[in-house]
Number of protein chains: 2
Amino acid sequence: MAIPRAAKTQRRTRIQEEKEEQILEAALDVFSVSGFRGSTIDQIAEVAGMSKPNLLYYFRTKEAMHRALIDRVLFTWLEPLRAFNAQGNPESEIRGYIRRKLEMARDFPRESRLFANEVLQGAPHIEDELKGPLKELVDEKAAVIRSWTKAGKIVKCDPYHLIFSIWSTTQHYADFDVQVRAVLGQGQSGEGRFEDAARFLEQLFVDGLSVRTNQPAS
Amino acid sequence: MAIPRAAKTQRRTRIQEEKEEQILEAALDVFSVSGFRGSTIDQIAEVAGMSKPNLLYYFRTKEAMHRALIDRVLFTWLEPLRAFNAQGNPESEIRGYIRRKLEMARDFPRESRLFANEVLQGAPHIEDELKGPLKELVDEKAAVIRSWTKAGKIVKCDPYHLIFSIWSTTQHYADFDVQVRAVLGQGQSGEGRFEDAARFLEQLFVDGLSVRTNQPAS
DNA sequence: GGATAATTTGACCGACTGGTAAACATTACA
DNA sequence: TGTAATGTTTACCAGTCGGTCAAATTATCC
């Protein structure tokens with residue numbers, strides 16, 4: 001008499017933890033490529049090396065699998081922004097944020113694509129997270145940036161669009177990886193592109209936002 | 001005795017043009033939201049207000065529909081980059097490019113999402129276009145930018161990553177629209193965000209890339 | 001107006017979809 | 001070691017998928 005679905009049990013057995021881990025890992029592989037609608041449980045099952053009913057023993061529905069994956073990944077994903085420190089030096093904070101985001105694009109491209117797919121398709125499953133925790137975090141950090149501009153530590157600019165532009169430029173290297181590789185060609189296809197990107201983005205944001213003592217014509 | 005499928009006939013009738021237009025319009029609606037795998041012919045048929053077999057009379061397969069859509073949209077999509085002029089003034093060329101890309105993100109978000117979905121999922125249907133026409137165009141414009149940096153007209157920087165960053169920042173407002181709206185909140189949800197974005201991005205790129213006469217302490 | 005070609009549709013197909021039921025196998029624990 | 005709980009699988013279901021077919025309808029042109 002099974003029935004006490006994994007999700008319902010109080011204590012998690014070793015097998016449960018292992019299998020759920022295994023499933024979410026496979027789910028990340030699949031969902032990050034095809035999005036929610038385009039992914040099938042069978043695909044995930046095959047990647048996970050388990051039978052489809054076995055997946056459904058641990059996660060009752062495809063939605064539940066997707067949700068568990070989002071929940072698990074979201075916290076980590078926002079870590080770099082959370083690390084943004086009001087007390088720090090603006091220049092090095094921005095530089096550090098860019099660097100960390102770029103490292104995540106390099107080391108966790110699937111996670112980036114998972115969210116990109118989701119948001120691109122209208123965020124039907126994470127709307128609450130966007131309007132809630134994400135917005136609050138961004139509001140908080142935008143206030144920090146604004147205080148820097150007010151104090152004349154960096155050039156005056158819209159903090160929200162600054163954050164958007166850091167997100168988009170860094171995640172671009174994960175989400176649009178195929179395009180980046182195609183355009184750079186065979187030569188630059190190694191990991192070198194991340195170093196080049198880091199150099200360029202630091203130049204663009206850090207140098208670009210520094211307060212100018214002397215502005216060129218117009 | 002039909003059989004001469006629309007695609008095979010030499011002369012296109014008025015009905016053919018109208019219906020194909022109608023179908024591709026609906027296909028853009030659907031593919032841009034759900035990607036290729038996540039979209040169904042039935043969905044497109046419903047949006048187009050036609051029966052499924054009727055769609056398949058004009059486009060033999062779902063793939064053919066997708067391909068026709070890509071082909072039709074790609075040319076227009078690259079127009080702003082093509083307009084990038086070597087003879088022009090660097091500052092106003094970059095400013096104009098950003099403005100045009102941002103206008104496209106505002107006015108043609110479905111087209112942007114169509115490509116975003118496709119590239120995000122590994123570009124299985126447009127790999128050739130990326131490695132061919134796109135790469136060539138970018139190479140050409142990168143050379144232009146490099147000539148500007150060499151001439152000291154703008155600050156020295158990697159032209160490819162400059163182009164990537166303009167792509168990503170501008171298209172972000174189409175592809176991640178839901179997220180942008182969620183973070184900005186109800187107040188800024190009007191079209192005002194595009195003006196704010198334009199102001200910020202011009203500041204970031206144009207001011208940031210101008211040659212400095214005087215650099216602040218590193 | 002009638003013949004002929006172009007267009008549209010309903011019925012249908014086999015493969016795949018998310019998910020279930022129940023039998024079977026394995027583990028944990030007394 | 002026995003047994004109850006946990007874990008796994010085979011067989012299956014109803015609905016949807018991309019796509020076909022032949023019949024019905026409409027447009028075209030003489």
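Reminder, nothing fancy here: chain letters follow the sequence lines and each chain counts from 1.
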Ser51(A) side chain N/O closer than 4.0 Å to the phosphate oxygens (OP1, OP2) of dT9(D)?
yes
Taking five pairs at each terminus, the helix from dG1(C)-dC30(D) to dA30(C)-dT1(D) shows an axis bend, to 10°, of 10°
Between P of dA24(D) and CG of Asn54(B), the distance in whole Å:
18 Å
What is the distance, to the nearest angstrom, from the CD atom on Gln22(B) to the P atom on dT7(C)?
13 Å
Compute the centroid of each ring, for Trp167(A) and then for Tyr173(B), and state whether the two points are separated by less than 6.0 Å.
no
Whole-Å distance, Glu17(A) CD to dG7(D) C1', equals 16 Å
Between C1' on dG7(D) and CG on Leu56(A), what's the gap in Å once rounded to a whole number?
14 Å
Candidate nucleotides dG10(C), dA11(D), dG18(C), ranked by approach to the side chain of Lys52(A) - the nearest
dG18(C)
Please determine if Asp158(A) and Arg199(B) form a salt bridge, counting it only when a charged side-chain N lies under 4.0 Å from a carboxylate O.
no
Euclidean distance, atom OH of residue Tyr57(B) to atom P of dT8(C) [Å, nearest integer]:
8 Å
Is the shortest side-chain N/O distance from Arg37(A) to OP1 or OP2 of dT16(D) below 4.0 Å?
no
Using heavy-atom distances to pick each residue's nearest nucleotide on DNA chain C, tell me which of Thr40(A) and Met50(B) is more 5'.
Met50(B)
Please determine whether any donor N or O and acceptor N or O are separated by less than 3.5 Å between the side chain of Lys19(A) and the base of dG7(D).
no
Do Glu103(B) and Pro80(B) make a side-chain contact, defined as non-hydrogen atoms from C-beta onward lying under 4.5 Å apart?
no
Using whole Å, report how far CD of Gln16(B) lies from C1' of dA6(C).
8 Å
Quick check with a 6.0 Å cut-off and a 45 degree axis cone: is Arg100(A) positioned over the face of Phe84(A)'s six-membered ring?
no
Measure distances between side-chain N and O atoms of Lys62(A) and base N and O atoms of dG19(C), and say whether any donor-acceptor pair falls under 3.5 Å.
no
Between CG of Asp42(A) and P of dT9(D) the distance, given in whole Å, is 14 Å
Please determine whether the number of non-hydrogen atoms from other residues, nucleotides or ligands lying under 6.0 Å from atom CZ of Phe108(A) exceeds 12.
no
Under-4.0 Å salt bridge between Lys135(B) and Glu140(B)
no
Residues Tyr160(A) and Asp196(B): side-chain donor-acceptor under 3.5 angstrom
no
Whole angstrom is fine here: how far is it from CZ in Arg60(B) over to P in dC21(D)?
13 Å
